[in-house]
Amino acid sequence: MPELPEVETIRRGLHSRIIGKTISGAHNYDSPKSFPNATADITQFLQGATVTDVSRRAKVLLIELSTGYTLVTHLKMTGQIIFIAPITSRHSTDSNPVILSVSEESSSTLEDPSVKPQDDTRNVRWGGGHPSDSFMRELPDNTTREHIDFTDGSRLYFNDLRKFGWMKLYPTSEVPNIDFMKKVGPEPLLDDFTGEVLWERLQRRKNTSIKAAILDQTVLAGVGNIYADESLWGARIHPATLVKNVPKASILQLAEEIKAVMNLSIEKGGSTDKNYVNAEGKKGSYLSFARVFRREGEPCPRCGTTIVKTRVAGRGTHLCPTCQTKQ
DNA sequence: CACTTGACCTGTCCGC
DNA sequence: TGCGGACAGGTCAAGT
């Protein structure tokens with residue numbers, strides 16, 4: 001599922017590919033959450049618009065257009081953005097479709113069963129498929145929700161198996177007034193996000209579990225289930241510990257852990273971006289670097305205790321019962 | 001206001 | 001083999 005580092009990777013991939021391109025048309029497939037106020041033909045809202053910027057806030061992708069509108073996209077769990085270069089340049093180095101995000105579930109449908117590993121507590125799903133499977137796939141497929149055509153013949157697909165995601169068009173001036181944008185917390189990777197900031201923002205969530213608190217996008221932006229588990233392991237905090245019982249020193253360390261896992265992940269995403277043949281392949285996927293996430297049954301890399309999976313804040317939660325003790 | 005739970009979706013996996 | 005149910009998780013609405 002796309003989390004902050006993946007959305008950032010997508011942003012970078014799009015930034016270098018679609019800025020300056022002009023939209024010639026668009027199509028809305030079966031996507032009731034997208035363009036709710038538009039007519040069936042969304043082309044009239046997009047045609048002639050040139051992409052002027054691609055940015056990101058939390059897990060939200062923002063494609064700014066010359067017409068004073070911004071395409072706002074949330075991929076939620078299974079969203080993908082797939083860029084396909086113009087047919088005329090298919091023989092160039094940028095010849096293949098670029099999958100900028102491969103969701104966990106839908107990528108599994110692309111897997112070649114013959115290469116599925118036997119040792120499977122980690123569930124190969126995440127990027128387990130060979131990239132060529134994706135490239136060979138016909139688009140649009142049954143997960144395609146939107147596509148946008150550019151005048152140079154390139155096309156952007158928005159695929160989303162579970163239909164949780166959406167793509168909406170807002171006046172650019174209204175974007176800061178979107179509820180989510182108003183409420184979302186600080187970006188963890190900006191310099192002004194510090195342990196002190198995290199500590200302060202956690203003060204209004206003192207009676208909930210630390211995991212629920214950092215998953216709360218109004219506390220800070222971009223932490224999903226994976227980074228929650230990974231960073232809490234890094235800071236040696238049991239995910240179910242109530243915020244008020246977590247020592248301040250641990251909160252300060254937690255902030256550093258969040259930055260670290262996200263930076264590592266973006267780094268890997270960045271390398272993915274370079275040889276974009278491998279969008280979420282085995283190599284470069286941050287899950288290969290995960291210390292606890294989806295590693296139940298494996299030894300803790302710090303102390304060797306078997307990692308367990310439990311449920312905290314309604315989410316599957318992975319932890320080391322020795323390193324992370326509840327307070 | 002703080003906090004928790006269910007809903008939104010669909011495909012996969014597991015147990016019967 | 002088929003079938004039902006649990007599960008995956010980001011966010012919001014509705015509940016306590």
| message | If you compare every side-chain N and O of A/R204 against the phosphate oxygens of B/dC1 (OP1, OP2), does one of them come in below 4.0 Å? | response | no

Whether [Y] and [X] form a salt bridge (side-chain N of Lys/Arg under 4.0 Å from carboxylate O of Asp/Glu) is what I want to check.
{"X": "A/R291", "Y": "A/E230", "answer": "yes"}
{"X": "A/R11", "Y": "A/E8", "answer": "yes"}
{"X": "A/D152", "Y": "A/K21", "answer": "yes"}

Atom pairs and distances, side-chain donor-acceptor, residues 302-310 of chain A, under 3.5 Å, sequence neighbours left out:
residue : atom : partner : partner atom : Å
A/R302  : NH1  : A/W233  : O            : 3.1
A/R302  : NH2  : A/W233  : O            : 2.8
A/T305  : OG1  : A/T322  : OG1          : 2.7

| field | Base-pair map of DNA chain C as dot-bracket, where | denotes pairing with a different strand and pairs are Watson-Crick or G-U under 3.5 Å | value | .|||||||.|||||||

| message | Can you tell me which nucleotide in C/dA8, C/dG10, C/dT11 comes closest to the side chain of A/F180? | response |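 Nearest listed nucleotide: C/dT11.
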
| said: Just the rounded figure in Å: distance from P of C/dT11 to CZ of A/F164. | reply: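 Taking CZ of A/F164 and P of C/dT11, I get 12 Å after rounding.
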
| said: From CZ of A/R315 over to P of B/dG6, roughly how many Å is that when rounded to an integer? | reply: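 A/R315 atom CZ is separated from B/dG6 atom P by 13 Å.
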
| Pairs flagged by ring pair (Phe, Tyr, Trp, His ring centres under 6.0 Å) wherever residues 304-327 of chain A is involved - sequence neighbours left out | A/F293-A/H318

| So what does A/R145 hit on the nucleic acid, given a heavy-atom distance under 4.0 Å: a base, only sugar-phosphate, or nothing? |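 Contact class for A/R145: none.
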
| How do A/G316 and A/K183 order along DNA chain C: which one's closest nucleotide is nearer the 5' end? | A/G316

